[in-house]
Amino acid sequence: MLKALLCAAVLALCVLAAYLLTRRYRLRKDFYYNFDLFNQRFANEVSYTRTPLPAFVGKYAFGGDFAKMLEEKKRSGFGQGEYAFDYLTQDERKFLADYFLMIGRSDAASQRTYLAAVRGEIGEKKRAAEEAYRKYFSLYLKLGVLAGLVLVILIV
């Protein structure tokens, strides 16, 4: 009985470890989902109501690290900021910095043009993050189950 309980605990621990290894991909997927949502909503606001950027950030709710970053940017007046997310590459951090330097600084027509131009790039990054999450989530979960089964076999 004790051996069966130990085997179940080892298997559950291996699956949990595998799930925790996918955290980076899940955070990246959530970040790009919220970033894409922000870009689409802001493009609509600039096109129709022309709401200022600080009021826009307070109007809509976003989630995860993206929401924390927006709150920090709002407190700092949307100035130059640090994007210390370990799941973003250096190029993606630079893109994010350039994006926030461009929005809310000029007239509505140039804002619309810029937001439309980056919409495709943000959408592509969102799709790539979702694909990587699906791929690695499945892979890590299967490896966790296999590692757990190997340990169960060694215990038995």
Side-chain angles (χ1 to χ4, degrees), residues 11-150:
L11 186 62
L13 187 63
C14 287
V15 171
L16 177 66
Y19 179 76
L20 292 176
L21 286 174
T22 64
R23 182 177 186 270
R24 177 178 191 223
Y25 299 104
R26 188 173 47 258
L27 289 174
R28 182 181 171 84
K29 177 186 71 101
D30 292 342
F31 182 85
Y32 275 112
Y33 170 78
N34 285 301
F35 189 24
D36 187 46
L37 186 64
F38 175 86
N39 188 60
Q40 290 175 7
R41 286 180 176 170
F42 192 62
N44 289 337
E45 288 288 327
V46 167
S47 296
Y48 300 112
T49 61
R50 297 183 183 173
T51 304
L53 188 56
F56 169 77
V57 170
K59 185 176 178 181
Y60 294 104
F62 299 98
D65 288 341
F66 190 79
K68 292 174 191 170
M69 181 199 63
L70 280 180
E71 285 303 315
E72 184 180 314
K73 300 233 22 102
K74 187 176 180 182
R75 279 194 303 270
S76 70
F78 290 94
Q80 188 75 302
E82 182 65 30
Y83 306 100
F85 303 121
D86 60 343
Y87 49 84
L88 294 178
T89 65
Q90 193 65 27
D91 290 338
E92 290 170 334
R93 291 177 190 164
K94 182 168 176 16
F95 175 77
L96 199 58
D98 292 343
Y99 179 85
F100 280 105
L101 280 176
M102 293 296 292
I103 63 171
R105 304 258 189 254
S106 60
D107 63 306
S110 61
Q111 291 284 316
R112 268 194 312 269
T113 305
Y114 177 73
L115 293 171
V118 297
R119 178 178 280 173
E121 188 172 350
I122 294 171
E124 183 58 39
K125 290 178 187 227
K126 177 186 166 194
R127 280 187 293 281
E130 287 172 349
E131 287 175 16
Y133 174 71
R134 269 187 252 120
K135 180 172 103 177
Y136 288 113
F137 181 78
S138 174
L139 175 71
Y140 284 152
L141 224 51
K142 289 174 185 173
L143 286 175
V145 169
L146 287 176
L149 290 175
V150 165

Check your understanding: Within 45 degrees of the axis of the six-membered ring of F137 and under 6.0 Å from its centre: does K29 put its NZ or CZ there?
Key -> no

Practice item. Determine whether K59 and E45 make a side-chain contact, defined as any pair of heavy atoms from C-beta on separated by less than 4.5 Å. Key: yes

Exercise for review: Name all residues meeting the salt bridge (charged side-chain N to carboxylate O under 4.0 Å, His left out) criterion together with K126; count only those two or more places apart in sequence or in a different chain, and write none if there are none.
Suggested key: D36

Practice item. Classify the angle between the aromatic ring planes of Y60 and F62 as parallel (below 30°), tilted (30 to 60°) or perpendicular (above 60°). Key: tilted

Revision key, fill the gap. Tested for ring-ring contact (aromatic ring centres under 6.0 Å, His included) against F66, the lone hit among Y87, F85, F35 is F35

Review point. Hey, are E71 and K74 close enough for a salt bridge, meaning a charged N less than 4.0 Å from a carboxylate O?
Key: no

Check your understanding: Parallel under 30°, tilted from 30 to 60°, perpendicular over 60°: which one fits the rings of Y25 and Y140?
Key -> tilted

Practice item. List for me each residue that meets side chain to side chain contact (heavy atoms under 4.5 Å, CB included) alongside R26, sequence neighbours excluded, and say none if there are none. Key: Y19, T22, R23, D30, Y133

**Study point:** Within-4.5 Å side-chain heavy-atom neighbours: I103 and F56
**Key:** no

Practice item. Classify the side-chain pair Y99/E121 by whether it contains a donor and acceptor separated by less than 3.5 Å. Key: no

Review point. Quick one: does M69's side chain get under 4.5 Å of K73's, heavy atoms only?
Key: yes

Exercise for review: State, yes or no, whether a side-chain contact exists between E131 and R134 at a heavy-atom distance under 4.5 Å.
Suggested key: yes

Name each donor-acceptor pair under 3.5 Å that joins a side chain in residues 113-120 to protein atoms two or more places apart or in another chain, with its distance.
from	atom 1	to	atom 2	distance (Å)
T113	OG1	A109	O	2.9

